[in-house]
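Basis for what follows: all heavy atoms, side chains included, without hydrogens, waters or symmetry-related copies. Throughout, protein chains are lettered first and strands after them, A, B, ... in sequence-line order, and every chain is numbered starting at 1.
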Amino acid sequence: TMSRVELLDTMVDTFLEKLVAAGSYQRFTDCYKHFYQLQPEMTQRIYDKFVSQLQTSIREEISEIKEEGNLEAVLNSLDRIVEEGKEHQEPAWRPSGIPEKDLCSTVAPYLLQQRDALRRHVQKQEAKNQELASAVLAGRRQVEELQQQVQARQQAWQALHREQRELLSVLRA
Amino acid sequence: FDEIIVDIATKRKWYPRKILECVIRTLKAQLE
Amino acid sequence: SVDPMAYEAQFFGFTPQTCLLRIYIAFQDYLFEVMQAVEQVILKKMEGIPDCEISPIQIRKCTEKFLCFMKGRFDNLFGKMEQLFLQLILRIPANILLPEDKCQETHPCTEEEFHLLRKEIEELQERYKTELCTKQALLAELEEQRIVQAKLKETLTLFDELENIGRAHGTSDFRESLVSLVQNSRKLQNIRDTVEQESK
């Protein structure tokens, strides 16, 4: 349950420890034997300086890399992502290498929204058109009735008109 | 090789978002 | 085969191997620099030692011997650290999906499904356009009906007005009045005929 940053520091410390253990004072004096025999204290001081300088340089390099790439924040966010995804046991999705294919899932949610919105629009319009259609049918019936009424009145008038003509013919006679 | 990997990975990270922005704009325009 | 660790590169913005290569080179440079500094110090110290029998060449050989050993141990240790780095730190575990790819998990969609979805959207768009045209046609007919009905009502009103005029002049029902007029005129005609005969 160590964070990645702590793990990183631990690894670097271990690396340094082992590296320094490998380049022990013993080994150092073996290599610089004559100088060591001439100047043992000086050799000790040089060796100590060698070790501390090496450790300081390497640790500074790690800090610089952390600084430069904002590595701590990035690793901490990776810790969070891993923590959130830990229930998910089976291997997760990975890019297929075919962008068009991978994009399908990215775009799909928005197409689904679009489809649902269109469905709603179509249903709403269909319902409205249903009402309009009923109104049109009712209107047609009403027009028909009015036409029949007008026709009836017209025929009545025409009959009247015929009688009128008869009358006129009678009167004229 | 390394540059290619980083380039592709960067595109994989950002392009879907960019494409999505265009897709969303297009869908909105279509709806309007 | 090299594992490009592209998914890690997608998260970190660099490939883990490059990062480690950078660390390796930096560490190695420091090792060389420190060794160089050690050698410089020793040479300087030797200058201060009267009748020193050790030559700079010998010191160089000592340095190379120590460095060669250190370099070997360095590479070995770094190799181990690199493995651990790549496995435990700069690795996206296989079961983990990066946030930008969450939709692959929440809305997995095959190309086939995607095309069907797009096709459905196009069909819906066509249907919507059809419905809109239907709406226009229905509204147009309603408008037409409104005009026709107005005209017909106008005609009916005309007839009503005619009747009203008739009524206003004492003939309640125009038809009857006309009928009675016809009858009266026939009576008149008969009377006139009768009168004419009698006068003859």
Legend entry - Contact class of C/Ile54 relative to chain A, heavy atoms under 4.5 angstrom: side chain
Legend entry - Flag side-chain contact, heavy atom, 4.5 Å: A/Ile62 against C/Phe27: yes
Inset, instruction - Could you tell me which portion of C/Glu33 (side chain, backbone, both or neither) has an atom closer than 4.5 angstrom to a non-hydrogen atom of chain A? - result: neither
Inset, instruction - Report the distance from atom CD of C/Gln136 to atom CG of A/Asn129, rounding to the nearest 0.5 Å. - result: 9.5 Å
Inset, instruction - Anything under 30° is parallel, anything over 60° is perpendicular, the rest tilted; go ahead and classify A/Phe15 against C/Phe74. - result: perpendicular
Inset, instruction - Could you look at C/Asp75 and say if it's the side chain, the backbone, both or neither that has a heavy atom under 4.5 Å from chain A? - result: neither
Legend entry - A/Glu84 versus chain C, the contacting section by heavy-atom distance below 4.5 Å: neither
Legend entry - Heavy-atom proximity to chain C below 4.5 Å, by part of A/Gln39: side chain
Inset, instruction - Using a strict 4.0 Å threshold on nitrogen-to-oxygen distance, state whether C/Glu131 and A/Lys128 make a salt bridge. - result: no
Legend entry - Close side-chain approach of A/His34 to C/Glu53, heavy-atom, < 4.5 Å: no
Legend entry - Segment of A/Leu112 engaging chain C (4.5 angstrom heavy-atom cut-off): both
Inset, instruction - Identify which part of C/Leu90 has an atom lying under 4.5 Å from any heavy atom of chain A, answering side chain, backbone, both or neither. - result: side chain
Inset, instruction - Evaluate the side-chain proximity of C/Glu163 to A/Arg153: yes if any heavy-atom separation is below 4.5 Å, no if none is. - result: yes
Inset, instruction - Using a 4.5 Å cut-off on heavy atoms from C-beta on, say whether the side chain of C/Phe66 contacts that of A/Thr29. - result: no
Inset, instruction - Using atom types as modelled and distance alone, determine if a side-chain donor or acceptor of C/Gln145 lies under 3.5 Å from a backbone N or O of A/Val136. - result: yes
Legend entry - Under 4.5 Å from a heavy atom of chain A, the part of C/Tyr30 involved: both
Legend entry - chain A contacts, top residue of C/Thr155, C/Val41, C/Asp101 (heavy-atom pairs, under 4.5 Å): C/Asp101
Legend entry - chain A contact via C/Thr110 - side chain, backbone, both or neither, heavy atoms under 4.5 Å: backbone
Inset, instruction - For residues C/Phe159 and A/Gln154, determine if any side-chain heavy atom of one lies less than 4.5 Å from a side-chain heavy atom of the other. - result: yes
Inset, instruction - Using non-hydrogen atoms and a 4.5 Å limit, figure out which bit of C/Ile49 sits close to chain A: side chain, backbone, both or neither. - result: side chain
Legend entry - Selection from C/Val34, C/Leu139, C/Asn76, C/Leu158 maximising heavy-atom pairs under 4.5 Å formed with chain A: C/Val34
Legend entry - Main-chain N/O of A/Asp102 paired to C/Gln104 side chain as donor or acceptor, under 3.5 Å: yes
Legend entry - Side chain, backbone, both or neither of A/Leu111 within contact of chain C (heavy atoms, under 4.5 Å): both
Inset, instruction - Select one option (side chain, backbone, both, neither) describing which atoms of C/Leu117 are under 4.5 Å from chain A's heavy atoms. - result: side chain
Legend entry - Side chain, backbone, both or neither of A/Lys49 within contact of chain C (heavy atoms, under 4.5 Å): neither
Inset, instruction - Identify whether the distance between the nearest side-chain nitrogen and carboxylate oxygen of C/Glu123 and A/Arg115 falls below 4.0 Å. - result: no
Legend entry - Residue among C/Thr106, C/Val148, C/Ile92, C/Leu188 with most heavy-atom pairs under 4.5 Å to chain A: C/Ile92
Legend entry - Test salt bridge (charged side-chain N to carboxylate O under 4.0 Å, His left out) applied to A/Arg140 and C/Glu144, step by step: CA-CA 10 Å; A/Arg140 284 179 187 171; C/Glu144 217 177 290; over 6 Å; no
Legend entry - Under 4.5 Å from a heavy atom of chain C, the part of A/Glu68 involved: side chain
Inset, instruction - Determine whether A/Arg119 and C/Glu120 make a side-chain contact, defined as any pair of heavy atoms from C-beta on separated by less than 4.5 Å. - result: yes
Inset, instruction - Identify which part of C/Arg192 has an atom lying under 4.5 Å from any heavy atom of chain A, answering side chain, backbone, both or neither. - result: side chain
Legend entry - Side-chain heavy-atom pair A/Leu19, C/Phe78 within 4.5 angstrom cut-off: no
Inset, instruction - Tell me, yes or no, whether the heavy-atom count around A/Gln130 atom CD, taken from other residues, nucleotides or ligands under 6.0 Å, exceeds 12. - result: no
Inset, instruction - Could you tell me which portion of C/Tyr128 (side chain, backbone, both or neither) has an atom closer than 4.5 angstrom to a non-hydrogen atom of chain A? - result: both
Legend entry - Value rounded to 0.5 Å, distance of CG in A/Leu146 from CD in C/Gln149: 6.0 Å
Legend entry - Engaged part of A/Met42 at the chain C interface, taking heavy atoms whose separation is under 4.5 Å: side chain
Inset, instruction - Select, from A/Lys18, A/Glu100, A/Gln89, the one with the greatest count of heavy-atom pairs under 4.5 Å involving chain C. - result: A/Lys18
Legend entry - Among C/Met70, C/Gln58, C/Lys153, residue most engaged with chain A (heavy-atom pairs, under 4.5 Å): C/Met70
